Structures are given as C-alpha cells and as structure tokens.
Asker: 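My questions all concern the structure below.
Within every chain, numbering begins at 1; the chains are lettered A, B, ... in the order of the sequence lines, protein sequences first and strands thereafter. The analysis underlying the following values was restricted to heavy atoms, covering all of them including side chains, and did not include hydrogens, waters or symmetry mates. None of these values were measured; they are calculated from a predicted model.
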Amino acid sequence: MPRITVEVDGAVHQDDVEPRVLLVHHLRDRAGRTGTPVGCDTSNCGACTVLMDGLSVKSCSVLAVQADGREITTVEGLGLGGAPHPMQRAFHEEHALQCGYCTPGMIMAAIDLLRENPDPSETEIRAGLEGNLCRCTGYQNIVRAVRRAAAEMRDPAAAREVAP
Amino acid sequence: MIPAAFDYARPASLDEAVRVLADAGEDAKVLAGGQSLMPLLRLRLAYPDALVDLDRLDGLREIRDDGDAVVIGALATHHQVLRDPLVNEHLPLLARATATVADPAVRHRGTFGGSLAHADPAGDLPAVALALDAVLHARSVRGEREIPAAEFFVDWMTSALEPDELLTAVRIPKLGPGWGVHYEKFHRTAQAWAIVGVACAVRRVQGAVEDVRVALTNMGPVPVRASAVERFAEGRTLSRDALRAAAAHAADGTGPPADLHGSAEYRTHLAGVLTARALTAAAGV
Ligand SMILES: Cc1cc2nc3c(=O)[nH]c(=O)nc-3n(C[C@H](O)[C@H](O)[C@H](O)COP(=O)(O)OP(=O)(O)OC[C@H]3O[C@@H](n4cnc5c(N)ncnc54)[C@H](O)[C@@H]3O)c2cc1C
Ligand code: FES
Ligand code: FES
C-alpha cells in the first residue's frame, strides 16, 4: 500500500492507503475531518469541496494518493482561534442554510471564488457556485451571504458598520 | 460507492509513463484530471486493473507558442487554458468553449487532453479541436505519431489512441486577423452537458464570408464538421439572411442521438437554430 503524506488543516498526516480510497473518505475516516460530507456518486453536487494547494476541488473526485505531498483545507480549517471565518459568519447571519448538507462545500467554493474575484456581482457568484447544488435554500440567501462576506473581507471595518 | 481495487502507478517522467503503460497491458487506464474517470470508477462502470496517473508529469502542462500554432500540453487544466494569454489571443474559440465546461472545481482538475481522449460526444472540446483543425500528438514505447482531429474521434467514447498510447500535446493553428468565433451551447441547467453545441469560426473579408468552420457537439457518436454549412456560407455576401440560410443545412448527414434530453428530431431542429446564432455571432452581424 502506498504511504502518503498530506497536510490537512495545518496538521501533517502520514498514512498507508489503498489506491482506490477517495480523498473525501481519507479526510473523514483517517484525518477525522467529518465536516466534509459526500452528497453524490457523480461529481455533480459539490458538497465535498475542499481546497487542495489553495484551489477548490471535489474531494470525491480525487484519490487520496493524488493528494500526496499536498495541502488540504477543509471547512474545519477555516477561522482563527475559534472565531469563524467571515464566510462562515455571513452564511450564519444571512440564513444561507437550512439542512446544512451543502454548506461546507458551498463555503469552500465561495472562498475559492473570492480568491480570484474579491468583488463578484450576483451573476458572477451564481456562475462561481454552479458546481454546488443546494436542495433547500433556493440560493438567494447564499448569494447574499457571499456578497456580505466579500464586502467584509475587502474592508472589515466598513462592513461591520453597515451590518445590522 | 468506492471504486473496485486497482494497482496504481505515478510515473515521474514521460518515458517512464509510456513504459509503465505498455507493461500494464490492455486493462490499464490512464488517469489525468480524473473528472470523467473518477465518476465512472465510483459507479463501477469502469474497473481497470491498473491506473497510470499522469498527475506529476508537469512538463505536459505547458502551453507554448509554436509560430503559426499554439501547442497545448495534454495535462493543461481547463482552468489553465481559460486564463492562458496565448489561448485568449490566438484561440479565443477554445477559451470560450472551455468557459462553458463544468464548474470551477472540475476545471481546476480536468485537463484538455483528458477531454479529447475521453471522446464523449457531449464533450465541448472535441468539436472545438475539429473546427480548428487541431493535430494530436500521441506517444508510446513504439514511438510518436500525429493524429489529425478529423481522424481522432472514432466512435462513441472511442478515440484513435491505442491502449499503450498517451496523448501528450495538441497543436492548434492560430486564427489570424479577420476571424470571429463563437461557441453556442444549449443546455437546460447550470453546469450541464450540451444537448447540442456549435463551435464556429468565420473570416470576413470586405463584406464577404471568406472562410467558415463549423463543428457540432452531440449530433452523433463523434463530433462532426458541418461541411454543408461551410459550403453554403463561403463566398456569400455577408448578411444575416445568407448565414441563416446556410445554417439550415447544419444537420445534413448527421445521425443525432435520442435520449432523455431530447429526440433526434429535436436535436436536428436545435442544430439549425444554434448554428444560425453561432454564425451570426461569430461574423458580428
Ligand atoms: C460535474 C461535471 C460536469 C462536467 N461538465 C462538462 C461539460 O459541460 N462539458 C465537457 O466538455 N466536459 C464536462 N465534464 C468533463 C470534464 O471536462 C473532464 O475534465 C474531461 O472530460 C476529462 O478530462 P480529465 O483530465 O478529467 O480526464 P480523466 O477523467 O482523467 O480521463 C478521461 C479518459 O481519458 C483518458 N485519458 C485522459 N488523459 C489522457 C492522456 N493524456 N492520454 C491518453 N488517455 C488519456 C483516460 O484514460 C480516461 O479514459 C464534466 C465533468 C464533471 C465531473
Ligand atoms: S460528493 Fe457530490 S461532488 Fe463530491
Ligand atoms: S441547505 Fe440543505 S442542501 Fe443546501
């Protein structure tokens, strides 16, 4: 069995893995990061989205062996010292989730979008999140949350003043 | 589901990769971005004995200028192609079509070469390769060969690559000045495959249609050049009516599939409508 070294949310994990193990199962079953769920078998839903070396990927569509030597950030690696990341806070404040199943992937995809485009329009947000399906919210509040987080991440002081 | 067990190799060089692939035999599969292969493995629609992972062959990710052409490494990701200055300047049709492929996370992993080698009739990039007269470079322990796009797509999900061959790069002639391009894709939901797609490039010279290239996605088991449209449009005075009349021949000689997205008649109708849109958009009329 190949031995792989993967940094997950800042902690280095060394494991022997079967080649057929998906990254998402490795994260959940070996690294204990159960915050990343599996939603489909077809790579469509995006629930399993994490960052690999800073870029969003669907962790159900990457083999754990392919993550060897790479850095993974899951939704559990966000925020500092127990405080939520601005995107997590915005999802909470804008009521951007109901059942919450899509939320970890949605948040990771949204963070990836802001990395490339810090001030996206509504249309750009919808295009940026097109690989992430939500069966509950109807997306309106998700788009609102991403706009709010974007404003805050561009200018933390100003965003706090307009926030209710 | 969890894929069936397989052996795994991650060669560090191209030479090693072709050797490993040759040794692994007919039941081995190449793994590039995995964005088509992983779902097949998870659904157990594919169960290869071995995977040869190209992920670490960074030399195959390069996109370079080659005079009158741009050469795109097979492992260049969709994400990379979309942002590449050479592609955007000389192959805007490829950039536009790539922007319609899947979603950002899939584009971070999925590769240009993988999209062609997969030979999915609903894939957007095979039609682009065909419209732009791309030449595909293959390599095996037996040597190298070049395959024109027109000979590369053999049948439904079947390319001209032999089991021991790797696609290494794709050479695409640049479109010079005077060309306008468009990719028109019809699908019902976001992040979906084309029900029908039209890749098109038009060169206009002094109010006339000088040159036309049209290729269709998902109008048969392989992408097809709409040669009747090209014949009817070339040499005409540039006008919406002339382009629309030519577009009416889009489905000539095609055998479109029927599936849950649409019947063959529906696709035939779509091909004409979308080709008219693509031609007029590309020609700017
Ligand atoms: C949710 C989702 C939506 C998508 N939507 C679209 C879409 O709208 N339009 C579209 O065109 N595509 C779409 N795709 C497919 C995507 O473009 C894939 O990236 C592409 O089809 C395959 O590229 P890959 O690098 O991931 O190849 P892989 O999945 O790694 O391989 C695919 C096949 O090609 C072979 N192969 C790959 N590279 C080589 C090589 N260099 N030499 C020899 N053989 C090779 C493999 O053995 C395998 O058989 C979608 C995928 C997903 C998951
Ligand atoms: S679990 Fe649905 S895309 Fe990964
Ligand atoms: S909140 Fe339930 S799927 Fe999005």
Asker: At a heavy-atom separation under 4.5 Å, does A:V38 approach chain B through its side chain, its backbone, both, or neither?
Answerer: side chain
Asker: For the pair B:H108 (side chain) and A:S56 (backbone), establish whether a donor and an acceptor sit closer than 3.5 Å, ignoring hydrogens and angles.
Answerer: yes
Asker: Among A:E18, A:R126, A:Q66, single out the residue with the greatest number of heavy-atom pairs under 4.5 Å to chain B.
Answerer: A:Q66
Asker: Report which part of B:L51 has an atom under 4.5 Å of a heavy atom belonging to chain A: side chain, backbone, both, or neither.
Answerer: side chain
Asker: Side chain from CB out, backbone as N, CA, C, O: work out which of these in B:L37 comes under 4.5 Å of a heavy atom of chain A, or both, or neither.
Answerer: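 Neither part.
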Asker: Which bit of A:D41 is near chain B, if near means a heavy-atom gap under 4.5 Å: side chain, backbone, both or neither?
Answerer: both
Asker: Could you have a look at A:C60, A:S43, A:A127 and say which one has the most heavy-atom pairs with chain B under 4.5 angstrom?
Answerer: A:C60
Asker: Using a cut-off of under 4.5 Å on heavy-atom pairs, state which of A:M52, A:E116, A:H25 scores highest against chain B.
Answerer: A:E116
Asker: Hey, are the side chains of B:D53 and A:L63 touching, using non-hydrogen atoms and a 4.5 Å cut-off?
Answerer: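 No, side chains not in contact.
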Asker: Given heavy-atom pairs under 4.5 angstrom as the criterion, report whether the side chain, backbone, both or neither of A:L22 touches chain B.
Answerer: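 The answer is the side chain of A:L22.
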Asker: Any side-chain to backbone donor/acceptor pair from B:R10 onto A:V65? Under 3.5 Å, distance only.
Answerer: yes
Asker: Identify which part of A:M108 has an atom lying under 4.5 Å from any heavy atom of chain B, answering side chain, backbone, both or neither.
Answerer: neither
